Amino acid sequence: MKILVCISNVPDTTSKINFTGDNKEFDKNGVQYVINPWDEYALTRAIELKEAKGGSVTVLNVGEADTEPNIRKALAIGADDAIRVNAHPKDAFFVAQQITAIAKEGGYDMILMGKESIDYNGFQVHNMVGEMMGIPSVTPAFKLDMVDDSTARLEREIEGGKEVVEVKLPFVASAQQPMCEPRIPNMRGIMTARTKPLKVVAPVGGEAMSEYVSYSKPEKKSGVKLIDADNAGELIKLLRNEAKVL
Amino acid sequence: MSVLVFVEGLNGEIKKSSLEAASYGSQVAQAMGTSATAVAIGEVHEEALARLGEQGISKVLYDADDRLKQFVADAYVKVIAKAAQQESSKVLVFSNSNIGAAVGSKLAVRLNGSLATNVTELPKMDGGNFTVTRGVFSGKAFAQVNLTSDVKIIAVKKNSTEIISNAGNTATVEKLSADLAESDFAAAPKETVMQETDGGVLLPEAEIVVSGGRGMKGPENWHLIEELAKELGAATACSKPVSDIGWRPHHEHVGQTGITVSPNLYIAVGISGAIQHLAGVNSSKVIVVINKDPEAPFFKAADYGIVGDALEVVPKLIEAAKALDK
Ligand SMILES: Cc1cc2nc3c(=O)[nH]c(=O)nc-3n(C[C@H](O)[C@H](O)[C@H](O)COP(=O)(O)OP(=O)(O)OC[C@H]3O[C@@H](n4cnc5c(N)ncnc54)[C@H](O)[C@@H]3O)c2cc1C
Ligand SMILES: Cc1cc2nc3c(=O)[nH]c(=O)nc-3n(C[C@H](O)[C@H](O)[C@H](O)COP(=O)(O)OP(=O)(O)OC[C@H]3O[C@@H](n4cnc5c(N)ncnc54)[C@H](O)[C@@H]3O)c2cc1C
């Protein structure tokens, strides 16, 4: 089974978010980048399936050279090889076009992604790729198993419940917990990752459909009003009469 | 040229998040000098559809195909595309739900449109630009984005739009048929399992959320969270470690790697307020924190707080909530 796992390079979850240049650009200063946490579920599940059924796991990132440390990390976790489409990922539509081009060429059985990037919070690339390729996209899935060599069984979350879906290969799915326990690289993985192939390819033409013009930050809270624990019931009155939320 | 809004039903009624999308769509339509049409799929009562007039919808197109009762992306996309074509719509509005965002993403490809998900404000239209504001960096910022394509698709973040209600206004309801083929249902779910809510409130739709963390000490104390939630008409939620150790089901876990909620009121009990937890709740309008440690980081993000032992404080809150006239 050939599996393609798409990973996004995102600011670490603890990053302070700031903007520069008149709030027109994200300030990368001092920001640590990680593999998008959701994508780690996709990657680990892909490796588990490969270990059980044979095949290969290829990781794909659409990004500039500064994403390579995290691509290497994915190789250290257990992917076999990697592709980086050398382009500034302008927006989701552009990224989806690049992923689709690679996926079509590679003939993958399964294209796995994370549910959502934690920076641009789009929750869209997987469904776009499914549509561009004309294959099913099952998102967000929290369970993924093979029924037989050509059919997978997934459970996906819908508001207020879940759906059980069976799809034929090939398909796209996005992962969320508790699909698996994301792995971290071990020493051997880190050593072998250095020599695993990482192919850099040029982007196919493709346009962005949106243009980010500026950023803003939420208003700061004015500070917490503390209520004495012995008088806790007072809180409920404040919520009704002052905050007007009850 | 009407603005098209996709509305989702649940148990015959229209979901709250879809009433928000309808309100959003009708305001966009008004600003553009046109009308708003809704497209409904699945199991919704006709009266509920007509009542969308209260949110400013003039017309509802309804595809009553039985097979659409459960969500099948390809079939839904076809129905909405048909409605968009019929209405010559250039602006399509969805709720940023798992269903809405999925269908919106696929339509963006099919109609070659600009998609913005997680949208928090009405668009600004000036100088030929169509600019929306959307949440980015997991609640830590907003971005203003120009939608540059002719077709614009907007998925509205839950609980960020006031529901308009012009009592008495009704929408006309028309049948729509997209002539769906068997192949449109190829990826239909084998089975759909809805959570038992015991008459309670679904977390993604909730206006009030009572959430517990490791400070609750164990599942045996969760009846306190549940009881407070019941008194307030709230949904229950939890922090990640709580669902990881199995005290609560995974679908209750909020935060960066769980679900994002933006209720009017979020009550956090025995949760430290780690940045990854805050990412899922920081757009709540009012935040209450109950924690025995006055240094807990969550207090910095809170509007109201009580420093004290949850097991003593929560029963007092339940008592006070019971005393409220409802
Ligand atoms: C203004 C702007 C500036 C940006 N600057 C940078 C930058 O400097 N460096 C950078 O690396 N990215 C940058 N990005 C790209 C961004 O991280 C995303 O790749 C892209 O915008 C899609 O995000 P999304 O939130 O819509 O993805 P979602 O739809 O939420 O993502 C779902 C899944 O798709 C996959 N995916 C998403 N993006 C990629 C990708 N690029 N490659 C492979 N798989 C992916 C992942 O599996 C992810 O979990 C920028 C985006 C914008 C809008
Ligand atoms: C990549 C990544 C993603 C993550 N995603 C998420 C996520 O989506 N959601 C999430 O929640 N976490 C997430 N986490 C974990 C997060 O960092 C914290 O570890 C977690 O939120 C802590 O949960 P907690 O507050 O319940 O527990 P703790 O941090 O252990 O806090 C318990 C709190 O309870 C208080 N307390 C103890 N006893 C009492 C009492 N009797 N009465 C009142 N208060 C009491 C303590 O003072 C303490 O503040 C993520 C972490 C990483 C690294």
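Order of the sequence lines fixes the chain letters, A, B, ..., with proteins taken first and strands second; residue numbering starts at 1 for each chain. Note that the coordinates shown come from a computational prediction; the quantities given were computed from them, not determined experimentally.
Between atom CG of residue B:Leu115 and atom CE of residue A:Met128 there is a gap of 4.5 Å, rounded to the nearest 0.5 Å. Atom CD in A:Glu116 sits 11.5 Å away from atom OG1 in B:Thr257 (nearest 0.5 Å). Distance CZ/B:Phe137 to CZ/A:Phe26: 4.5 Å, rounded to 0.5 Å. Atom CZ of A:Phe93 and atom OG of B:Ser114 lie 8.5 Å apart (nearest 0.5 Å). Of the inter-residue distances, the one linking B:Gln256 atom CD with A:Asn121 atom CG reads 8.0 Å to the nearest 0.5 angstrom. Summarising the geometry, atom OG belonging to A:Ser210 is positioned 8.0 Å from atom CZ belonging to B:Arg134; distances are rounded to the nearest 0.5 Å.
Side-chain contact check for A:Thr13 and B:Gln276: at least one donor-acceptor pair (N or O, by modelled atom type) lies under 3.5 Å. B:His250 and A:Gln177 are linked by a side-chain donor-acceptor pair at a separation below 3.5 angstrom, with hydrogens and angles left out of the test.
Using a 4.5 Å cut-off between heavy atoms, B:Ala274 does not touch chain A at all. Looking at B:Ser283, neither its backbone nor its side chain comes within 4.5 Å of chain A, counting heavy atoms on both sides. For a residue to count as touching a neighbouring chain, one of its non-hydrogen atoms must lie under 4.5 Å from one of that chain's; by this rule B:Ile306 touches chain A with backbone and side chain alike. For B:Lys15, the part lying under 4.5 angstrom from a heavy atom of chain A is the side chain only. In this structure, no portion of B:Ala73 lies under 4.5 Å from any heavy atom of chain A. For B:Ala279, no part lies near chain A; criterion is any non-hydrogen pair under 4.5 Å. Using a 4.5 Å cut-off between heavy atoms, B:Val288 touches chain A through its side chain atoms alone. For chain A, the nearby parts of B:Asn112 are the backbone and the side chain; heavy atoms of each come within less than 4.5 Å.
Chosen from B:Ala143, B:Gly308, B:Ala323, the residue pairing most often with chain A at heavy-atom distances under 4.5 Å is B:Ala143. Counting heavy-atom pairs under 4.5 Å between each of B:Leu265, B:Asn264, B:Ile290 and chain A puts B:Leu265 at the top.
For A:Glu242, the side chain to side chain donor-acceptor pair (under 3.5 Å) partners are A:Lys225, B:Tyr304, not counting sequence neighbours.
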